[in-house]
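Report on the structure given below.
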Amino acid sequence: MSKVWDVIIVGAGPAGMSAAIETAGHGLSTLVVDRQTEPGGQIYRSVGSSPMSGKLGSDYADGLPLVKRFLQCGAQFEAGANVWDIAPDRVYYSQQGKSQFVRARQVLLATGAMERPVPLPGWTLPGVMGSGASDVLLKSAGLLPEGPVVLCGNGPLILQAAVHLSHFKVPVAGVLLTGRLGNAMRAMKHASGILARPGYFLHGMNMAAKTFLGQKCVLGAQDVSIRESGQGLSVSFATRSGKRKSLAASTVLLHEGVVSESRITRLARLRHAWDQTQRYWHVDADMWGQTSAPGLRTAGDTVTVRGALAARAEGSLVGLDICRELGRLPLAERDREARPFLRTIRRCKALQPFLDEYFAPTPAMLQPHPDAIVCRCEELTARDLSEAIRGGCYSPDGLKAQARPGMGTCQGRVCGQAVVEMIADAQGMPLENLPLYTAQPPLFPLRLGELIEMPSPSDLL
Amino acid sequence: MFKKVSESKGKTITIYFEGQPLEVEEGMTVAAAVLGPSHGWTRTSHGGQKRGPYCQMGVCHECLMTIDGVPNQQACLTAVVEGMQVFRQNGVPDFHKENSHE
Ligand code: FES
């Protein structure tokens with residue numbers, strides 16, 4: 001019979017690492033798997049080895065002590081381990097072309113978030129990528145686009161990208177901000193939350209000021225499309241007054257906010273909830289990470305996107321409660337140790353409604369132009385999908401069966417959100433009645449041979 | 001289209017992109033390593049469109065390449081290794097072709 005770990009944690013980002021520090025620190029055998037080559041997740045990507053550490057500000061540098069503590073906490077860490085199926089007591093993963101399954105008494109899913117993919121014409125062209133992707137290249141490899149760059153989107157990370165680019169003197173042809181102007185007004189009703197994290201708020205204002213003063217910004221840009229032109233790209237957009245303009249670029253970075261990566265939690269058939277302001281599906285869990293399935297927990301941006309500080313505190317809380325559940329911490333001890341983390345979470349939660357409203361996605365941006373490729377894998381445009389939807393599709397799974405979006409190698413990670421928005425709009429359905437595609441194992445394409453060679457789980461038969 | 005802003009302390013190794021030797025730093029992902037020489041495209045879609053890494057974090061599968069003879073590898077999740085042979089991948093991912101490893 002194979003070893004049974006006390007805890008398996010999927011994801012070595014801020015939440016996963018923090019949880020492991022608690023569980024391993026309290027003597028629980030802990031295995032952490034992550035598909036990247038190093039711990040850190042995306043926000044602290046490669047911070048342990050980065051050529052840029054110390055050059056990207058404290059938001060990034062704060063990750064280094066965490067990564068160091070994690071690597072010394074006694075948890076076993078498996079890098080390049082890509083999880084493809086999950087059950088309450090077991091995790092299947094592929095590493096270097098070989099699959100295996102591992103068992104645990106408690107499983108924590110801390111797989112974080114991804115940039116919301118928002119299809120627009122030309123977004124599949126080489127030279128166009130997520131602004132988070134460019135950030136990853138900077139952190140992990142010290143690479144920056146040569147410019148001219150056009151940044152386009154909405155969210156705090158677009159401001160951060162603008163600040164990074166100008167700091168390293170990359171020419172920026174323009175920053176197209178696609179947020180609605182009314183958002184600031186709507187956010188003001190949550191303004192009291194600012195008091196909970198004044199430093200963070202000022203940091204944001206400072207980034208915004210630097211962006212507005214240092215770059216050519218277009219507020220309320222809409223109807224954006226990209227095409228090849230000569231050696232580079234041309235980005236065309238409409239201003240608020242409806243005038244069409246265009247900018248030449250060699251790299252275009254897109255960003256429309258960050259949403260939970262819910263494929264793994266949907267695969268586990270956990271209960272999910274719809275976030276109406278930020279418009280995304282996420283797993284439903286209490287503050288100790290308990291989901292609708294006993295033994296399966298979750299933490300960090302997988303549950304609600306609140307950023308690294310909250311994710312660290314949430315991971316710690318979940319780690320502590322796992323220690324309680326497995327008999328390492330009496331309830332009173334858990335509560336005592338939880339106190340500082342609860343305070344942090346309270347502060348993050350207080351500011352979040354302001355941020356969510358301020359950076360709420362613009363509904364018109366989420367309805368793709370007919371020419372936009374929505375499903376990149378199967379090369380299906382919004383026009384192709386609209387036809388099938390009008391023909392009588394009322395769910396992403398139905399549309400998948402009809403028109404094949406989500407059938408390619410990414411298995412609907414990229415087109416899922418857009419398809420939900422399109423069906424809701426065309427059929428007048430409330431979004432909370434439109435779950436994303438049903439997730440099936442394996443979560444990514446595997447060689448059949450790899451499945452056959454997998455050590456057989458004979459003790460399960 | 002991307003340039004280095006900071007030299008890392010890592011040691012340099014050689015990989016091969018489309019048969020051409022490429023000096024890269026240890027610890028990089030394949031997707032980052034071939035960004036320049038590939039001009040941003042690392043595969044074609046089944047309709048023949050040029051595509052390249054979009055998310056750099058394992059989500060979009062636009063970075064599928066043939067690495068050391070094994071097709072459909074996510075270049076953004078694969079670290080470079082001395083002597084690695086990296087090729088663009090064209091058309092529909094072929095999951096029937098058994099790889100030629102070992
Ligand atoms: S670039 Fe998106 S999966 Fe590799």
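All values below were derived from every heavy atom in this structure, side-chain atoms included, with hydrogens, water molecules and symmetry-related copies excluded. Since we're looking at a predicted model, the values are computed, not measured.
For a residue to count as touching a neighbouring chain, one of its non-hydrogen atoms must lie under 4.5 Å from one of that chain's; by this rule Gln73(B) does not touch chain A. Of the atoms belonging to Asp135(A), not a single heavy atom falls under 4.5 Å from chain B. For Leu253(A), no part lies under 4.5 angstrom from a heavy atom of chain B. Only the backbone of Cys55(B) comes within contact range of chain A, with at least one heavy atom under 4.5 Å from a heavy atom of that chain.
Under a 3.5 Å cut-off, the side chain of Lys4(B) and the backbone N or O of Leu144(A) do not form any donor-acceptor pair. In this structure a side-chain-to-backbone donor-acceptor pair under 3.5 Å is present from Arg35(A) to Met57(B).
Your options are Arg263(A), Gln411(A), Arg45(A), Gln96(A), and the one with the most heavy-atom pairs under 4.5 Å with chain B is Arg45(A). Between chain B and the options Val136(A), Thr251(A), Thr124(A), Val414(A), heavy-atom pairs under 4.5 Å are most frequent for Thr124(A). Taking chain B as the reference chain and counting heavy-atom pairs below 4.5 Å, the highest number among Gln36(A), Arg413(A), Arg376(A) is found for Arg376(A). With chain B as partner, the option from Glu378(A), Glu261(A), Glu115(A) having the largest number of non-hydrogen pairs under 4.5 angstrom is Glu378(A). The greatest number of non-hydrogen atom pairs below 4.5 Å with chain A, out of Gly47(B), Gly27(B), Cys76(B), is found for Gly47(B).
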*Going through the checks in order, is the side-chain contact (heavy atoms from CB on, under 4.5 Å) test met by Val5(B) and Met52(A)?*
CA-CA 9 Å; Val5(B) 286; Met52(A) 301 306 294; 3.8 Å; yes
*asked:* Is there a side-chain contact (heavy atoms from CB on, under 4.5 Å) between Lys139(A) and Gln56(B)? Walk through the geometry before answering.
replied: CA-CA 11 Å; Lys139(A) 289 171 180 170; Gln56(B) 297 286 356; over 6 Å; no
message = side-chain contact (heavy atoms from CB on, under 4.5 Å) for Ile373(A) and Gln49(B)? Distances and angles first, verdict last.
response = CA-CA 12 Å; Ile373(A) 290 177; Gln49(B) 301 174 354; 3.5 Å; yes
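For Lys3(B), the NZ atom sits in a packed shell: over 12 heavy atoms of surrounding residues, nucleotides or ligands are nearer than 6.0 Å.
Of residues 32-41 of chain B, those residues lying under 4.5 Å from chain A by any heavy-atom pair are Ala32(B), Leu35(B), His39(B), Gly40(B), Trp41(B).
Side-chain contact between Lys50(B) and Glu228(A) is absent, with no heavy atoms from C-beta onward closer than 4.5 Å. Residues Arg447(A) and Asn72(B) form no side-chain contact, since every pair of their non-hydrogen atoms from C-beta on lies 4.5 Å or further apart. Looking at Thr37(A) and Leu77(B), their side chains never come closer than 4.5 Å, going by heavy atoms from C-beta outward.
Interatomic distance, SG of Cys377(A) versus CD of Glu62(B), reported as 6.5 Å (0.5 Å rounding).
The two atoms that bring Phe2(B) and Leu137(A) nearest to each other are CE2-CD1, 3.7 Å, heavy atoms only. Here the closest heavy-atom approach between residue Pro445(A) and residue His61(B) is recorded as CD-NE2, 3.9 Å.
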